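Here the structure is a predicted model, which means the values were calculated and not measured. Labels below follow one simple rule: chain letters A, B, ... track the order of the sequence lines, proteins then strands, and each chain is numbered from 1.
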Amino acid sequence: MADVNIDVENFEGQKKVADDLQFQDIPHDSFVNDKSKVQTHTFTDFPPTAESDEEDVYDKTQLINDESKTGSPSFWTFEYYQQFFDVETKQVLRRIAGSMVPSPWSNYLQTTIRPNPDLYGPFWICTTLVFTTAIAGNMASYLSVEGKDFTWKYDFHKVTFAATAIFSYWWLLPAILFGFLWWRGSKANYTFLEILCIYGYSLSIYIPISILWVVQFEWLQWILVMVGAVMSGGVLVITLWPAVKDDTKKTAWIVIILIFLCHTSLAVGFKLYFFNAAAPQISTQTSSAPVITKFPTTPHPTSKQQNKKTLVAATNTTRSRLKNSTLKRNRVIYKTTKKPM
Amino acid sequence: MADVESVDFLKNQEGLNDVPLEGEILSPNAGTEGEEQEFNTLDEPVRETIMRDLKAIGIKFWHVLYPKQSKALLKEWDLWGPLILCVFMAIMLQGSSPDSSSSNTKDKGDGGPQFAEVFVIFWVGAVVVTLNTKLLGGNISFFQSICVLGYCVCPLTVALIVCRIILIATQSTLLFIIRFVIVIAAFGWSTFASTAFLADSQPSHRKALAIYPIFLFYFVISWLIISHTHTS
């Protein structure tokens, strides 16, 4: 009996369930707020791989032609590095010109570098800068000997020092900056290669400046330092500002000021180390004329203590910064004690 | 019917028997023609072997000094010439070591580069310039490019010898200007010679990008030569 009852009930229940299981027309308005959407969840933010998959499916000829671009070559093949050298002469020249002139209304990165950052320009700019600084530094010290004495010896090791300084600047500062931006979660998405590129091209203004530094006027040298630091530092700051502006005001400004300071201190360091006409960095063995020409006080060869005093006075008058003054003190070689007075 | 077929078949078999199935198996290099193509250096006197290599090096130097034919250097590269030039230049350009012959113990020496520094600049410079050419997409092999760059240092080596001879006399501004002009001329000659060999391997919109490192390489070597003033 119960079965019959249950059967009847169940049959009725089943009928209802069956009705429920049938396809039913549910009016969309009652469920969905937005009438334009049919799905409950629509994708609006596509990851980059989704787009490239579509390209691969629909445009196979391009896949065959640009095989090196769609599939990234492995780190250990030669082609991986070739993609960093995919530039033309005109592009390189345009990038160099753009890095020298700061313009606040167009972002240097977007206009000139963004499609393909390269390593050709920065690498050869750094190499050229190494050699022009070393050569011009030797010429400057030669000229400060008043030119008549041909037993002046040139200092080849300026090359090694300049190379270390410039290449470490070119790699370390972008690495630190990239690490900082990554840590703070900067939304501008500057890749490491782009920052390297920006920094490399920003050094290009120092090449003509280092040649002009040979001229032995102190005021001219300092003006050149200011001009170079302001112009290329300006481009650096304007280009890197979008990367830090999303951060808190304080950190953004501190980072910008630090970038500018590092750039300026590089220029000042070069000027003081290589081109300081007042500090005697060369040594001659046979000259009888005094070597130092720009000192305010002539050194007295009577006592060692007096020599020490003039040494201190000399380094103070050159207005050297702390890090360079230790370098100069080690390199200064005084020959005045040997000169007959 | 079957008999006719079998007779025909037998006839065909006889025909098959008439086809000659003998002959010689020839390899492509067999015979006297192959022996002439190979260099059998075991049988010839040592002098001939060495003279052949020396002749090849000499011909390459000649092509550098008179860069008219632009393909001869590239076909058979060798690195003997660059090695000779590099060692010679490094010996000539090295500065004296400190404390060598001076009474002052604080003497820094000549200030010039060490032998190893010149050697490294030469070879690492050539390798870097070659890598740059290849990365820019040039279709020249690695060692061919190093061979050309090394051989084209020859005019600068000649300039170094001439400068060294000039330095024997007591120096004056005029002699310095003469040395300077000679080195500049040699630098231009070297750059022109190497671009005559290497420039064809680059597409035209990148030629300047490939030539500039060569220019810088020879410029640095020229600076080393002109700065070498100390004759002890």
request  = Measure distances from Ile211(B) to the heavy atoms of chain A and classify the residue's part below 4.5 Å as side chain, backbone, both or neither.
outcome  = neither

Interatomic distance, Thr191(A) atom OG1 to Leu196(A) atom CG [nearest 0.5 angstrom] = 8.5 Å

inquiry  = At a heavy-atom distance under 4.5 Å, which candidate from Val220(B), Leu216(B), Asn132(B) has the highest pair count against chain A?
reply    = Asn132(B)

query = Does a donor on one side chain and an acceptor on the other come within less than 3.5 Å for Ser145(B) and Thr133(B)?
reply = no

For Thr133(A), all residues meeting side chain to side chain donor-acceptor pair (under 3.5 Å), sequence neighbours excluded = none

task = Flag yes if more than 12 heavy atoms outside Phe142(B) fall under 6.0 Å of its CZ atom; otherwise flag no.
result = yes

key: Whether over 12 other heavy atoms sit under 6.0 Å from Tyr169(A) OH   = yes

ask   = So what's closer than 4.5 Å to chain B heavy atoms on Val159(A): side chain, backbone, both or neither?
value = side chain

task = Name all residues meeting the side chain to side chain donor-acceptor pair (under 3.5 Å) criterion together with Thr128(A); count only those two or more places apart in sequence or in a different chain, and write none if there are none.
result = Tyr212(B)

inquiry  = Could you check whether Asn138(A) and Trp223(B), counting side-chain N and O atoms only, form a donor-acceptor pair closer than 3.5 Å?
reply    = no

query = Using non-hydrogen atoms only, which part of Leu209(B) is less than 4.5 Å away from chain A: side chain, backbone, both, or neither?
reply = both

inquiry  = What residues of residues 122-129 of chain B make heavy-atom contacts with chain A at a cutoff under 4.5 angstrom?
reply    = Val128(B), Val129(B)

query = Which residue pairs pass the side-chain hydrogen bond (donor to acceptor under 3.5 Å, both in side chains) test with at least one member in residues 78-91 of chain B, sequence neighbours excluded?
reply = Lys60(B)-Asp78(B), Asp78(B)-Tyr151(B)

